[in-house]
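What follows is one structure encoded as structure tokens, with my remarks underneath.
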Amino acid sequence: MAMDEVLLRRARQPLVRFYRWIRPAISIGYFGRIREIEAAWPGFQIVRRWTGGGAVLHRDDITYSLAVPRESPMFQLASSEVYRLVHGVIAQVIGGRLGGVPVAKSGLPRPAAGCFENPVAGDVLVDGAKVAGAALRRTQWGLLHQGSIQSGAWRDETVEALLRAFGSTVRTEAFSPGDQALAEQIERERYGSETWLRRF
């Protein structure tokens, strides 16, 4: 979570990051209620995201973040349009492997703590089940879009295909020692703090 925030702070053009989890974990949205999550998933490591949305189980999913600076034309789009555009790309990539997959036209009326139990407009569906969801946050630096694709069986191939689909030119960048130091500071002050984790 801290590295995603660093990514947003330093972005001068849209940047995408894919990453994995060392062990099964749960990420919860900014307003998620920690006691409900602990009761539903006992024993899992939990982290609170900066973005909103429901709880996401990270096991063999593709987790990614998209950082869009304020100067980018994409930042001017409504959040719903950003969501639709990103998930349109994901649907195209997954659909290429499965012979086409739909994007949800509207949300379901039932509320649920789990992100993937509650499809909303723009989510990617496979056989009626949500397989790609995300949450967004706008800040003084830009827009952060954090998402998960529940498709571990074809994870590596999907990441490569998404990189090609997201942009005609892909350049790989490493986090600098300064970025690492800033992420460690942000982790201490925010994401690794019990105050942050148990704020709701």
Q) Less than 4.5 Å apart, any side-chain heavy atom of Val86 and any of His145? A) yes

Q. For residues Glu5 and Tyr191, is any side-chain donor paired with an opposing acceptor at under 3.5 Å?
A. yes

Q. Are Leu85 and Phe18 joined in one hydrophobic group, where the rule is that I, L, V, M, F, W and Y side chains link up if heavy atoms are under 4.5 Å apart?
A. yes

Q: Indicate whether any N or O donor in one side chain lies under 3.5 Å from an N or O acceptor in the other, for Arg138 and Ser79.
A: yes

For residues 65-78, please give each side-chain donor-acceptor pair under 3.5 Å, one per line with the distance, not counting sequence neighbours.
residue, atom, partner, partner atom, Å
Ser65, OG, Asp4, OD1, 2.8
Arg70, NH1, Thr139, O, 3.3
Ser72, OG, Met74, N, 3.2

Q: Give a yes or no on whether the backbone of Ser27 and the side-chain of Arg49 come within a donor-acceptor separation of less than 3.5 Å.
A: yes

Q: Check whether Leu8 and Ile186 end up in the same hydrophobic cluster, where Ile, Leu, Val, Met, Phe, Trp and Tyr are linked by side-chain heavy atoms less than 4.5 Å apart.
A: yes

Q) Do Trp21 and Asp61 come close enough that some side-chain heavy atom pair is under 4.5 Å? A) yes

Q. Any chance CZ of Arg9 has more than 12 other-residue heavy atoms, nucleotides or ligands included, within less than 6.0 Å?
A. yes

Q: Could you tell me whether the side chain of Val159 reaches within less than 4.5 Å of the side chain of Ile62, counting heavy atoms only?
A: yes

Q.
Could you tell me if the side chain of Leu144 sits less than 4.5 Å from the side chain of Gln146, heavy atoms only?
A. yes

(Q) I want to check something: taking the side chain as every heavy atom from C-beta on, are Phe44 and Glu38 in contact at a cut-off of under 4.5 Å? (A) no

Q: Measure from the side-chain N and O atoms of Tyr83 to the backbone N and O of Ala134, and report whether any donor-acceptor pair falls under 3.5 Å.
A: yes

**Q.** Side-chain heavy-atom pair Val47, Ile28 within 4.5 angstrom cut-off
**A.** no

Please list every donor-acceptor pair under 3.5 Å in which a side-chain atom of residues 173-182 meets a protein atom from a residue at least two apart or in another chain.
residue, atom, partner, partner atom, Å
Glu173, OE1, Arg10, NH2, 3.0
Glu173, OE2, Arg171, NH2, 2.9
Ser176, OG, Gly178, N, 3.3
Ser176, OG, Asp179, N, 3.1
Ser176, OG, Asp179, OD2, 3.2
Asp179, OD2, Arg10, NH1, 2.5
Asp179, OD2, Ser176, N, 3.1

(Q) Check this for me: does any side-chain nitrogen of one of Glu81 and Arg84 sit under 4.0 Å from a carboxylate oxygen of the other? (A) yes

Q.
I'd like to check the side chain to side chain contact (heavy atoms under 4.5 Å, CB included) partners of Phe200; sequence neighbours left out, ordered by chain and number.
A. Tyr30, Phe31, Arg48

